[in-house]
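First the structure, in the form of C-alpha cells, and then the observations on it.
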There are 2 protein chains.
Amino acid sequence: MLCRKGKRTMKTQRLNVIREVLTGTPVTSQDELRRKLRRRGIHVTQATLSRDMHELQLFKGPHGYSLANGNGTKTSAAEEDDQPPTLAEMLDSFGLRVKQAMNQVVLGTLKGGAQPVAAALDREDWPEVAGTIAGDDTVLVICTDARQAGEVAARLRTILQG
Amino acid sequence: MLCRKGKRTMKTQRLNVIREVLTGTPVTSQDELRRKLRRRGIHVTQATLSRDMHELQLFKGPHGYSLANGNGTKTSAAEEDDQPPTLAEMLDSFGLRVKQAMNQVVLGTLKGGAQPVAAALDREDWPEVAGTIAGDDTVLVICTDARQAGEVAARLRTILQG
DNA sequence: AATTCCATTGTATATTTATTCAAGCGCGGT
DNA sequence: ACCGCGCTTGAATAAATATACAATGGAATT
C-alpha cells in the first residue's frame with residue numbers, strides 16, 4: 001500500500017482539508033474531490049472518500065456536497081437520537097380526559113398539548129380514525145362510526161390510566 | 001407505456017405523495033421509495049424518481065433523503081395568478097386523502113395545507129357543506145347529513161384523482 | 001520480540017443514481 | 001383532420017457511490 005506521505009494523523013488531516021475544500025468550492029462528485037485533493041498532495045481513492053463522506057456526515061444536494069452543520073439542510077440535521085414520541089408518552093404528559101360524542105372522541109389535554117398529542121395519534125395510524133384536528137387544549141378525533149369511536153375512546157382511556 | 005390511471009396531474013400528485021412519505025419515514029434509496037409508492041398504487045420506475053428527486057431539490061444525507069426547505073410548495077416557481085386559488089389547485093398542491101365518517105368528511109393534506117384548502121373549499125360555497133374546520137394538516141368538513149357527505153367526498157376524490 | 005488487535009486503505013465489485021434515447025400522449029395551429 | 005411541439009415516462013446504460021475483502025502497519029500486551 002502507498003502511504004509515502006505523512007505518518008500518524010493522516011486521516012484527520014485529510015478530513016480537515018476536505019471540510020475546507022467543500023466550504024470553499026462546490027464539489028459534485030467524489031472523484032472531483034479526489035482530483036482536488038491530489039493537487040494538494042493528498043492521494044487517496046474514491047473508496048476512501050466515500051468513507052470519509054460518511055464520517056463527516058455530509059449531505060449531497062442539488063448543488064453538490066455540503067456540511068450537515070453550518071449551511072443548508074437543517075431539516076433533519078440534529079435529530080438522530082430521539083424518535084418521535086409515542087402516543088403513550090404524549091398522553092402521559094398532556095392527556096386529561098376522554099369523552100365520546102357519536103362518532104367523535106374529544107380528548108382534553110393540558111394547554112398547548114393538543115397539537116403534539118394529535119400528531120402522535122396520527123402517527124399510530126389507527127384504522128378506526130378518519131382524522132384528527134387539534135386546537136390548543138382539545139383534540140377532536142373523527143372515527144368512521146359510533147362503534148369505532150367507542151373502541152377508540154376505550155383504548156385511549158386505557159393508555160391514559162396506564 | 002402504462003398510464004391507465006389519471007391524465008394530467010399524475011406527476012404533481014406523485015410529488016406530493018413523495019413529500020409525505022419522506023417526512024413520515026426515512027428513505028435511503030430511490031428503489032425503496034419506489035416500493036413504498038407502489039404500495040400506495042403509484043407505479044413508476046427508478047428513473048422517474050431520480051428526476052422527481054431533482055425537481056423536489058432533495059438532499060441525501062447519512063439518514064436518508066430530506067426536504068431542502070421546510071416544505072416547498074414552490075413547485076411551480078413561475079406562477080403569477082393573483083386570483084384566489086381554486087379548490088382544484090389547492091387540492092392538487094396539498095390534498096392527500098379523503099375519508100368519510102357519517103356526516104363528516106375528513107380531508108388529509110400536507111403539513112400547513114389545511115388552512116388554505118379549507119379557505120378554497122369555503123369559497124366554493126357548496127350547498128351540502130355546513131362548514132369547515134382546519135387544523136394543520138387536516139380539514140374537517142361538516143355536511144348536513146351522511147348522504148351529502150358521501151356526495152362531497154366523491155366530488156373531492158374526483159378532483160384529487162384528476 | 002513475537003503476537004494480537006484494531007484502524008486504515010486499496011482493489012474489485014455491488015448497489016444506487018443520473019442520463020440518453022425513443023416512445024406515447026395531449027394540445028394548439030395550419 | 002394532420003402536423004409538430006413539448007412534456008412525461010420507461011428501458012437501457014453510464015456514472016457515481018458504497019461495500020466486501022484482503023493487506024498493511026502501528027500500538028498494546030505478553
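Below, chain A is the first sequence line, B the second, and so on; all start at residue 1.
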Reckon A:Arg14 has a side-chain N or O less than 4.0 Å from the OP1 or OP2 of C:dT9? yes
Between atom [atom1] in [X] and atom [atom2] in [N], what is the gap in whole Å?
| X | N | atom1 | atom2 | result |
| --- | --- | --- | --- | --- |
| A:Glu55 | C:dA7 | CD | P | 11 Å |
| B:Asp52 | D:dC7 | CG | C1' | 13 Å |
| A:His43 | C:dT11 | NE2 | P | 8 Å |
| A:Leu37 | C:dT9 | CG | C1' | 15 Å |
| B:Gln57 | C:dA18 | CD | P | 13 Å |

Assign a letter to each nucleotide of nucleotides 13-19 of chain D from its 5' end: B, base within under 4.0 Å of a protein heavy atom; S, sugar-phosphate only; -, no contact. ---SBBB
Under 3.5 Å, side-chain donor or acceptor atoms of residues 139-153 of chain A against the rest of the protein: list the pairs with distances, not counting sequence neighbours.
unit_1   : atom_1 : unit_2   : atom_2 : d
A:Asp145 : OD1    : A:Arg147 : N      : 2.9
A:Asp145 : OD1    : A:Gln148 : N      : 2.9
A:Glu151 : OE2    : A:Arg155 : NH2    : 3.3

Nearest atoms (heavy-atom pairs only) where [X] meets [Y]:
| X | Y | answer |
| --- | --- | --- |
| A:Ser66 | B:Phe59 | OG-CE2, 4.0 Å |
| B:Thr109 | B:Thr138 | OG1-N, 4.2 Å |
| A:Val129 | B:Lys99 | O-NZ, 3.7 Å |

Salt bridge (Lys or Arg N to Asp or Glu O under 4.0 Å) evaluation trace for B:Glu55 with B:Arg51: CA-CA 6 Å; B:Glu55 188 158 336; B:Arg51 290 181 274 244; over 6 Å; no
Quick check on the hydrophobic clustering: are B:Val27 and B:Leu56 connected, directly or via other members, by side-chain heavy-atom contacts under 4.5 Å? yes
